[in-house]
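One structure is given below, encoded as structure tokens.
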Amino acid sequence: GRAKELYELNDKISIEINALKTQLLGFTKPALVTEGKHDVKILETAWNKLHPNTTRPFEICSCNVVSSNIEEAGVTVLKPYLETILPSEPSVKIGIFDQDGPGKQHYNDLLHFGKEKNGYKKHRNGKAYAMLLPTPPSDDNHWNTRERCIEFMFPKEYLTDGYVKHE
């Protein structure tokens, strides 16, 4: 029944958190950790457009490291991952939450983080930070929808099937 589903969901989330921790332990640069799998490609493309031929001074990875159809899997992994960052982590991790219902809820409920200051929260041990996606400068109509995820930070002409074109 419902209890079995919750145990299975918890097991899947634990597997994702452990896989993410293993992946991130190899990083010595700060790491920007996103909710969704597609967010990584979007941010990498944006960086390369804004800073061509420049080495990125930070890693970008997703919390959604296990292929799964669990709804909101990324956000439910991002929150506990950031909360359990160890002081011995080799680099700082920065979690970025979507500005949607689940993203805001998990961001607001973060444990071991101080109050929001200058648009972000800092973990007590200084090894993790968290922020909500910023509101884009041009507040287009599509940004006013309920789902404020990274794809919607771009003008509609750059979107295809809900994702940014990678040209």
Side-chain angles (χ1 to χ4, degrees), residues 6-136 148-153 163-164 166:
L6 290 174
Y7 282 118
E8 287 173 359
L9 176 62
N10 187 52
D11 287 346
K12 288 179 181 176
I13 289 172
S14 294
I15 289 167
E16 288 193 26
I17 290 170
N18 290 332
L20 183 65
K21 283 185 176 183
T22 301
Q23 179 187 2
L24 290 177
L25 274 173
F27 297 159
T28 54
K29 293 189 223 176
L32 181 62
V33 189
T34 69
E35 285 186 30
K37 289 186 268 195
H38 301 290
D39 297 354
V40 173
K41 186 68 178 165
I42 291 168
L43 291 169
E44 286 173 345
T45 301
W47 174 271
N48 292 335
K49 296 282 185 189
L50 293 170
H51 307 281
N53 307 315
T54 306
T55 303
R56 198 175 57 245
F58 56 93
E59 302 289 346
I60 304 172
C61 62
S62 169
C63 262
N64 205 337
V65 292
V66 173
S67 128
S68 121
N69 59 2
I70 302 171
E71 198 169 326
E72 301 166 9
V75 72
T76 59
V77 172
L78 181 57
K79 178 182 180 286
Y81 171 74
L82 292 172
E83 291 170 339
T84 58
I85 291 288
L86 299 173
S88 59
E89 288 281 329
S91 65
V92 169
K93 310 301 185 241
I94 304 157
I96 187 160
F97 290 85
D98 288 345
Q99 268 207 49
D100 58 8
K104 288 179 184 176
Q105 185 66 50
H106 284 82
Y107 174 79
N108 290 334
D109 292 345
L110 279 166
L111 303 174
H112 316 301
F113 279 75
K115 291 194 185 307
E116 184 177 80
K117 194 167 87 172
N118 301 321
Y120 65 88
K121 291 181 176 185
K122 181 179 178 180
H123 194 286
R124 285 193 305 236
N125 68 22
K127 284 294 190 160
Y129 293 79
M131 63 180 285
L132 288 167
L133 279 172
T135 303
R148 295 177 181 158
C149 40
I150 201 162
E151 304 80 273
F152 299 132
M153 294 187 75
Y163 296 106
V164 175
H166 304 294

### Message
Could you go through Glu89 and Lys93, starting from their C-alpha distance and side-chain angles, then the distance that decides it, and tell me whether this counts as salt bridge (Lys or Arg N to Asp or Glu O under 4.0 Å)?
### Response
CA-CA 9 Å; Glu89 288 281 329; Lys93 310 301 185 241; 3.7 Å; yes
### Query
In terms of the angle between their ring planes, are His123 and His112 parallel, tilted or perpendicular, with boundaries placed at 30° and 60°?
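Tilted.
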Would you name the heavy atoms of [X] and [Y] that are closest together and state the gap between them?
X      : Y     : result
Leu20  : Ser62 : CD1-O, 3.3 Å
Cys63  : Val33 : SG-CG1, 3.6 Å
Pro57  : Pro30 : O-CD, 3.6 Å
Gly126 : Val92 : O-CG2, 4.1 Å

In the structure I gave you, are the side-chain heavy atoms of [X] and [Y] within less than 4.5 Å of one another anywhere?
X      : Y      : answer
Thr76  : Tyr81  : no
Leu78  : His106 : no
Tyr107 : Gln99  : no
Trp47  : Pro52  : no
Leu82  : Phe113 : yes
Phe97  : Val75  : yes
Asn108 : Leu110 : no
Leu43  : Leu32  : yes

### Task
Just do the salt bridge (Lys or Arg N to Asp or Glu O under 4.0 Å) check on Glu83 and Lys79 with the steps written out, would you?
CA-CA 6 Å; Glu83 291 170 339; Lys79 178 182 180 286; 2.6 Å; yes
Give a yes or no on whether the backbone of [Y] and the side-chain of [X] come within a donor-acceptor separation of less than 3.5 Å.
X      : Y      : value
Lys29  : Arg56  : yes
Asn18  : Ile15  : no
Thr34  : Asp39  : no
Asn125 : Lys127 : yes

Spacing of [X] atom [atom1] and [Y] atom [atom2] [to the nearest 0.5 Å]:
X     : Y      : atom1 : atom2 : result
Ile13 : Asp11  : CD1   : CG    : 9.5 Å
Asp98 : Leu132 : CG    : CG    : 9.0 Å
Ile94 : Glu59  : CD1   : CD    : 11.5 Å

#### Entry: Asn48 and Glu44: CA distance, side-chain angles, deciding distance, side-chain hydrogen bond (donor to acceptor under 3.5 Å, both in side chains) verdict
CA-CA 6 Å; Asn48 292 335; Glu44 286 173 345; over 6 Å; no
